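In what follows, a single structure is set out as structure tokens and then discussed.
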Amino acid sequence: MRVLVTGGAGFIGSHVVEALREGGHEPLVFDVGEDPAADVRDTDAVAAALAGVDAVCHQAAMVGLGNGVADAAEYVSRNDLGTAVLLAAMADAGVRRLVLAGSMVVYGEGRYECRAHGVVRPGPRAVTDLEAGAFEPRCPRCGLDLAPGLVGEDAPADPRNVYATTKLAQEHLSAVWARCTGGSAVALRYHNVYGPRMPRDTPYAGVASLFRSALARGEAPRVFEDGLQRRDFVHVRDVAAANVAALEAPAAPGALTAYNTGSGEPRTVGEMAAELAVACGGPRPVVTGEYRLGDVRHITADSTRLRAALGWRPRVTFTAGMREFAQEEGPRGA
């Protein structure tokens, strides 16, 4: 299969390219970082890149929480306009297979259960609570503590920052494309991806890279909130394998199918920082109590659907992956 990989020179995209090649496919890299003309917002450039292509892995995106709404136009331009241009060009070129780099950020907060009211969805956390160190969401009906659990793909979308909103819009655009063209679209909702070639000092996919950079300077990792916020850290090679599995699976014409793509093993941010510190032989993490308003408290994946439908399994364990990540030399710049 001849596969165009947008963002194919980036952190995740470059691993997708390698996995496709190892699987006997022919990946074509389309990345503005490698070629300034390779911009998904450029109709002519995208149309030329799609010549002779069988499928597209759309990895290109502007990532991170963003700066409130100050950079909303840039996020929408790169993520949503770029996706719209790509999909229109695919429709014209007769390319009918798409794998989209989705994100767990579309859910907002994860799954929570109240012992009195069952499964509930807490609203955005209040500044007054965060300033007081009250980081855990409470039941919106009775105010009791909530128990976090694994979020499934059928959970309502509730994006809570500009980046998250654009990632959800990408899914909606892809679903419309699939219905209009009879194409097959898969959205892999990545959880906290880490591993080789992760950019330095980037807030994307949690703070693994920030912690590693601090340890390389001989400094203690600075952990926000109380360090007990739960995430699902999944290795980039496992994510790349999920992309190949999605491309090779039987198509579902006229629809978009979403799959959580995570390890299925929740870890706290504090645990991750401690694991990296041990692997680097550096100082123990420092819990600061600081916070970012756009962050959610707990978001961990139920990846059962991906495992059952595509036969995918994560292969890299948390400890082995963090050890490899800690020892990597020469990570890319942000």
Side-chain angles (χ1 to χ4, degrees), residues 1-31 38 40 46-47 49-61 82-83 86-104 153 167 170-171 173-191 193 195 197 234-263 301 303-316:
M1 193 182 302
R2 200 162 191 246
V3 184
L4 183 69
V5 184
T6 69
F11 166 45
I12 298 175
S14 64
H15 286 276
V16 171
V17 167
E18 289 179 358
L20 286 167
R21 191 172 289 124
E22 290 168 2
H25 301 287
E26 181 186 355
L28 305 175
V29 174
F30 188 82
D31 193 303
V40 289
V46 172
L50 286 170
V53 163
D54 302 303
V56 172
C57 273
H58 185 28
Q59 307 293 319
T83 299
L86 173 66
L87 293 172
M90 289 173 65
D92 288 342
V95 180
R96 296 293 182 262
R97 193 155 193 136
L98 171 70
V99 176
L100 172 69
S103 176
M104 53 86 176
E153 291 89 350
K167 294 306 289 183
Q170 284 185 319
E171 289 194 15
L173 288 166
S174 299
V176 170
W177 166 84
R179 287 196 296 272
C180 289
T181 65
S184 170
V186 171
L188 296 176
R189 291 175 177 168
Y190 301 159
H191 280 246
V193 188
R197 304 177 207 144
V234 59
H235 197 276
V236 67
R237 288 196 296 273
D238 286 331
V239 167
N243 276 268
V244 177
L247 277 172
E248 293 177 344
L256 178 140
T257 305
Y259 295 109
N260 284 335
T261 308
S263 71
S303 298
T304 304
R305 180 183 291 178
L306 178 59
R307 294 174 183 233
L310 303 186
W312 172 86
R313 297 288 186 278
R315 304 295 182 188
V316 184

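Everything numeric in this text was worked out from a predicted model, so none of it was measured.
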Task: Listed once per pair and sorted, the salt bridge (charged side-chain N to carboxylate O under 4.0 Å, His left out) pairs that draw on residues 21-30, sequence neighbours left out - done: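 The answer is Arg2-Glu26.
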Open item on the list: Consider side chain to side chain contact (heavy atoms under 4.5 Å, CB included). Of Val17, Val99, Val5, which one does Asn243 pass it with?
Closed with: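 With Asn243 as partner, side chain to side chain contact (heavy atoms under 4.5 Å, CB included) holds for just one option, Val99.
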TODO: Identify the residue among Leu100, Leu50, Leu87 that makes a side chain to side chain contact (heavy atoms under 4.5 Å, CB included) with Val56.
DONE: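 So, applying the side chain to side chain contact (heavy atoms under 4.5 Å, CB included) to Val56 and each of Leu100, Leu50, Leu87, only Leu50 qualifies.
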- [ ] Would you check if Leu28 and Val53 make a side-chain contact, meaning some heavy-atom pair closer than 4.5 Å?
- [x]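 Yes, their side chains come closer than 4.5 Å.
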TODO: Could you walk me through whether Glu171 and Arg189 pass side chain to side chain contact (heavy atoms under 4.5 Å, CB included), step by step?
DONE: CA-CA 10 Å; Glu171 289 194 15; Arg189 291 175 177 168; 2.8 Å; yes
Task: Basic-acidic side-chain contact under 4.0 Å: Glu18, Arg237 - done: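 The answer is no: the pair does not qualify as a salt bridge.
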Open item on the list: If the condition is salt bridge (charged side-chain N to carboxylate O under 4.0 Å, His left out), which residues does Arg307 pass it with, not counting sequence neighbours?
Closed with: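 Expected list: none.
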- [ ] Would you mind listing every side-chain hydrogen bond (donor to acceptor under 3.5 Å, both in side chains) that reaches into residues 244-256, with sequence neighbours excluded?
- [x]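 For residues 244-256: His25-Glu248.
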TODO: Would you mind listing every side-chain hydrogen bond (donor to acceptor under 3.5 Å, both in side chains) that reaches into residues 251-260, with sequence neighbours excluded?
DONE: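 Non-adjacent pairs meeting side-chain hydrogen bond (donor to acceptor under 3.5 Å, both in side chains): Tyr107-Asn260.
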Heavy-atom closest pair, residues [X] and [Y]:
| X | Y | value |
| --- | --- | --- |
| Val46 | Ala89 | CG1-CB, 3.6 Å |
| Ala240 | His15 | CB-O, 3.5 Å |
| Ser174 | Leu98 | OG-CD2, 3.5 Å |
| Ser184 | Ala252 | OG-N, 3.4 Å |
| Asp31 | Ala9 | OD2-N, 2.9 Å |
| Arg97 | Met90 | O-CE, 3.7 Å |

- [ ] Using modelled atom types only, decide if a donor and an acceptor are shared between the side chain of Ser103 and the backbone of Lys167 within a distance under 3.5 Å.
- [x]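 No, the answer is negative, given that no donor and acceptor are paired below the 3.5 Å cut-off.
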Task: Flag, side chain of Thr6 to backbone of Ala60, donor-acceptor distance under 3.5 Å - done: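 Here the side-chain-to-backbone pair exists.
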- [ ] Please identify each residue that fulfils side-chain contact (heavy atoms from CB on, under 4.5 Å) with Asp238, with sequence neighbours left out.
- [x]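 Partners of Asp238 under the side-chain contact (heavy atoms from CB on, under 4.5 Å) test: Val234, His235, Trp312, Pro314, Arg315, Val316.
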Task: Test side-chain contact (heavy atoms from CB on, under 4.5 Å) applied to Thr181 - qualifying residues, sequence neighbours left out - done: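 With sequence neighbours excluded, Thr181 shows a side-chain contact (heavy atoms from CB on, under 4.5 Å) to Ala91, Arg96, Trp177, given in chain and number order.
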Distance (rounded to the nearest 0.5 Å) between [X] [atom1] and [Y] [atom2]:
| X | Y | atom1 | atom2 | value |
| --- | --- | --- | --- | --- |
| Asp54 | Leu4 | CG | CG | 11.0 Å |
| Leu310 | Ser303 | CG | OG | 11.0 Å |
| His58 | Thr83 | NE2 | OG1 | 3.0 Å |

Open item on the list: Using side chain to side chain contact (heavy atoms under 4.5 Å, CB included), reason through Leu247 and Leu20 one step at a time and then give a plain yes or no.
Closed with: CA-CA 9 Å; Leu247 277 172; Leu20 286 167; 3.5 Å; yes
Open item on the list: Can you confirm whether the side chains of Arg197 and Ser14 place a donor and an acceptor under 3.5 Å from each other?
Closed with: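 Ser14 and Arg197 do have a side-chain donor-acceptor pair below 3.5 Å.
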